[in-house]
Amino acid sequence: MMTLLLYAGLVLISVVLTVQSAHVLYLMLYTWDQPDAEAKAKAPEEFVAPRLSFSVLLPARHEEDVIQTTIERMVRADYPGELLEVFVICSADDTGTIGKAEEKIAELDREGLHNVEVVVFDDKPVNKPHGLNAALPHTSHDVVTIFDAEDDIHPAIFDLVNTVMIQDEVNVVQAGVQLMNYQSTWYSALNVLEYFFWFKSRLHYHALEGSIPLGGNTVFFKRELLVRLGGWDEHNLTEDADLGLRVSAAGERVRVVYDDRYVTKEETPPTLGQFVRQRTRWSQGFMQTLSKGTWKQMPTRKQRWLAFYVLAFPRGQALLGLYLLVSLGMMLFLNVPVLVALVSWLPVLMLAAHFVTQAVGLYEFTDAHGLQATPKAVLKMAVAWYPFQLVLAYAALRAMRRQLTGQNNWEKTQHVGAHRAKSSGANSDAA
């Protein structure tokens, strides 16, 4: 009887994992499979005249190495200066970033550019959503947008969003974000491709269904909507996803735009420890948002189920990591009937399909950005594939432990500007 139960459990787990993997693969390929979705994802070929004004929120903490370049790119965007204002947001104890920002502002002032200022807050909590809420009352323009301190924006991003908001009559636009330094570390390519498929495909499905966890930057809100929703949840580690679901619950339509030409470029975390802490924060934030229950306010069952599915995924990822380790032992030491063995291999076939899809995605990503993928890069991805899944599972387990023990502090990700080092990152693997 115990043997039969073991076989039944193995078959059940294998079927569930196969179905779940197939669904994720469908979402990864959604815009390629749906011509209408792909057309909606693209940026307009022509822009309308600038009409909307933009308030840019730029939260920064210990970003001395990158903040000046980011400010420079914001103010040099191809959009009328009188329709742009930029707020660098810092905690009072971050004197290094404040000093660098003020130094850059003084330089711009001498050129006659006076649309950048520093907003300093000196209360708790010291995190991104609190900084955003502190800066929101300082804004005065039509649209509020968030960028991260290391972001390289496309000069036409404001023209793009101005056009989309006017033509599509939407109050929220999520534009594309793309990690670039795909060869910096052993996990970089897989991390880059996560972003590639998430913003290029999966978010469009979520937007269509009206249940979308927004990204943390390059997202644009009509200011009136933000004020009406009460800004950001200062105690949520993924305030972006939480706000996206509140936007969805309010019945607001979100337009997602991913066009390789106009993505905001970012970098992968520079060390494995930084990556684990970043992914832990995301997983724990999803757990917080799930417990908060905003998703229950969505009007349809399908919207609620999709939100639950996304928010509960880190818990499943933690359990999957444990199962991956157990499955290795079962493959080596457990003798099962042929039919059970065949069924248990179905998830492996799905993982192979995922890898092939990502390998093709690597070539598409590099081609779109003037980089070069090689068979060596694909081989490195193959070697890193299994360890990367274990790292994700470990981060999810770590998030569960932190959540259970009440640890909600913000673990910051370091930024070194690796995505800006074009000479070293583009072709190192082509040799």
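Only heavy atoms go into these numbers, but all of them, side chains included; no hydrogens, no water, no symmetry mates. Just so you know, these numbers come straight off a predicted model, no measurement behind them.
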With a 4.0 Å cut-off on N to O distance, would you call Arg253 and Asp168 a salt bridge?
no

Can you tell me how far CD1 of Ile212 sits from CZ of Arg255, rounded to the nearest 0.5 angstrom?
11.5 Å

Any side-chain donor-acceptor pair under 3.5 Å between Gln297 and Thr294?
no

State, with a plain yes or no, whether a side-chain heavy atom of Leu58 is found less than 4.5 Å away from one of Phe87.
no

Of all heavy-atom pairs between Ser140 and Ser55, which one has the smallest distance, and what is that distance?
N-OG, 3.7 Å

Among side-chain atoms of Thr268 and Asn191, is any donor-acceptor pair under 3.5 angstrom?
no

Quick check: are there more than 12 heavy atoms from other residues, nucleotides or ligands sitting under 6.0 Å from CZ of Arg228?
yes

Side-chain donor or acceptor of His204 paired with backbone N/O of Phe199 under 3.5 Å:
yes

Do Phe313 and Trp282 have their ring centres less than 6.0 Å from each other?
no

Would Asp152 and Arg73 count as a salt bridge (Lys or Arg N to Asp or Glu O under 4.0 Å) here? Give the steps.
CA-CA 7 Å; Asp152 277 354; Arg73 299 202 177 195; 3.1 Å; yes

With salt bridge (Lys or Arg N to Asp or Glu O under 4.0 Å) as the test, would you mind laying out the steps for Arg76 and Glu111 before giving the verdict?
CA-CA 12 Å; Arg76 306 295 182 189; Glu111 296 182 36; 2.7 Å; yes

Quick test of your reading: applying ring pair (Phe, Tyr, Trp, His ring centres under 6.0 Å), list the pairs with at least one residue in residues 91-125, sequence neighbours left out, ordered by first then second residue.
Phe121-His130

Taking Ser91 for the side chain and Val126 for the main chain, is one N or O donor matched with an acceptor at less than 3.5 Å?
no

Quick one: closest heavy-atom pair of Cys90 and Ile98, and the distance?
CB-CG1, 3.6 Å

Would you name the heavy atoms of Val48 and Asp159 that are closest together and state the gap between them?
O-OD1, 4.5 Å

Point-to-point distance, once rounded to the nearest 0.5 Å, from NZ of Lys104 to CD1 of Ile71
8.0 Å

Trp305 atom CH2, neighbour heavy-atom count above 12 within 6.0 Å:
no

Looking at Tyr26, Trp32, Tyr205, which hits ring-ring contact (aromatic ring centres under 6.0 Å, His included) with Phe197?
Trp32

Which atom names give the shortest non-hydrogen contact between Ile157 and Ala175, and what distance separates them?
CD1-CB, 4.0 Å

Does the side chain of His154 come within less than 4.5 Å of Thr264's, by heavy atoms?
no

Any side-chain heavy atom of Phe308 within less than 4.5 Å of one from Leu306?
no

Hey, is the main chain of Glu364 close enough, under 3.5 Å, to the side chain of Asp367 for a donor-acceptor pair?
no

Sidechain-backbone polar pair: Gln274 side chain, Thr271 backbone, donor-acceptor under 3.5 Å:
no

Could you check if a side-chain atom of Val192 sits within less than 4.5 angstrom of a side-chain atom of Phe365, using non-hydrogen atoms only?
yes

Could you tell me the separation between the CZ atom of Arg279 and the OH atom of Tyr187, rounded to the nearest 0.5 Å?
11.0 Å

From CA spacing to verdict: side chain to side chain donor-acceptor pair (under 3.5 Å), Asp94, Thr97:
CA-CA 6 Å; Asp94 188 7; Thr97 304; 2.8 Å; yes

Treating Trp295 as the side-chain partner and Leu290 as the backbone partner, does any N or O pair qualify as donor plus acceptor under 3.5 Å?
yes

Nearest heavy atoms of Leu237 and Gly285, plus distance in Å:
CB-CA, 3.9 Å

Looking at every heavy atom in both Ser201 and Thr31, which two are closest together, and how far apart are they?
OG-N, 3.2 Å

Mind checking what makes side-chain hydrogen bond (donor to acceptor under 3.5 Å, both in side chains) contact with Arg246, not counting sequence neighbours?
Asp242

Criterion salt bridge (Lys or Arg N to Asp or Glu O under 4.0 Å) on Asp260 and Lys200, from CA distance to verdict:
CA-CA 9 Å; Asp260 295 303; Lys200 192 177 181 71; 3.4 Å; yes

Any donor-acceptor pair under 3.5 Å from Ser283 side chain to Ala399 backbone
no

No-hydrogen, no-angle side-chain donor-acceptor test under 3.5 Å, Thr366 and Gln372:
no

Would Arg223 and Asp142 count as a side chain to side chain contact (heavy atoms under 4.5 Å, CB included) here? Give the steps.
CA-CA 6 Å; Arg223 186 181 187 279; Asp142 302 320; over 6 Å; no

Phe158: partners by ring-ring contact (aromatic ring centres under 6.0 Å, His included), with sequence neighbours left out
Phe54

What's the spacing between Asn408 CG and Gln288 CD if we round to 0.5 Å?
5.0 Å

Exam field: side chain Asp259 to backbone Arg261, donor-acceptor pair closer than 3.5 Å:
yes

Please determine whether a side-chain nitrogen of the Lys or Arg among Lys292 and Asp233 lies less than 4.0 Å from a carboxylate oxygen of the Asp or Glu.
yes

Check whether the side chains of Arg61 and Asn127 place a donor and an acceptor atom closer than 3.5 Å, and report yes or no.
no

Would Asn181 and Glu267 count as having a side-chain donor-acceptor pair, cut-off 3.5 Å?
no

Any side-chain heavy-atom pair of Leu371 and Tyr363 under 4.5 Å:
no

May I ask you to check whether Asn236 and Thr238 show a side-chain donor-acceptor distance below 3.5 Å?
yes

Under a 4.5 Å cut-off applied to non-hydrogen side-chain atoms, are Glu85 and His138 in contact?
no

About how many Å separate CG of Asp240 and CG of Leu245, when rounded to the nearest 0.5 Å?
10.0 Å

Side-chain donor/acceptor of Thr139 to backbone N/O of Leu136, under 3.5 Å
yes

Test item: side-chain donor near acceptor, Glu209 and Ser211, under 3.5 Å:
no

Heavy-atom count around Lys222 NZ within 6.0 Å, excluding the residue itself: above 12?
yes

If we ignore angles and hydrogens, is there a donor and acceptor under 3.5 Å between the side chains of Tyr258 and Gln178?
yes

For Val144 and Phe220: C-alpha separation, side-chain torsions, deciding distance, then whether side chain to side chain contact (heavy atoms under 4.5 Å, CB included) applies.
CA-CA 6 Å; Val144 175; Phe220 299 77; over 6 Å; no

Indicate whether any N or O donor in one side chain lies under 3.5 Å from an N or O acceptor in the other, for Thr185 and Ser188.
yes

Any side-chain heavy-atom pair from Val177 and Val263 closer than 4.5 angstrom?
no

Side chains of Tyr309 and Gln20: any donor to acceptor distance under 3.5 Å?
yes

Donor-acceptor pair, Asp78 side chain versus Ala156 backbone, under 3.5 Å?
no

OH of Tyr262 to CG of Leu160, rounded to nearest 0.5 Å, is 6.5 Å

Whether Ser21 side chain and Met350 backbone form a donor-acceptor pair below 3.5 Å
no

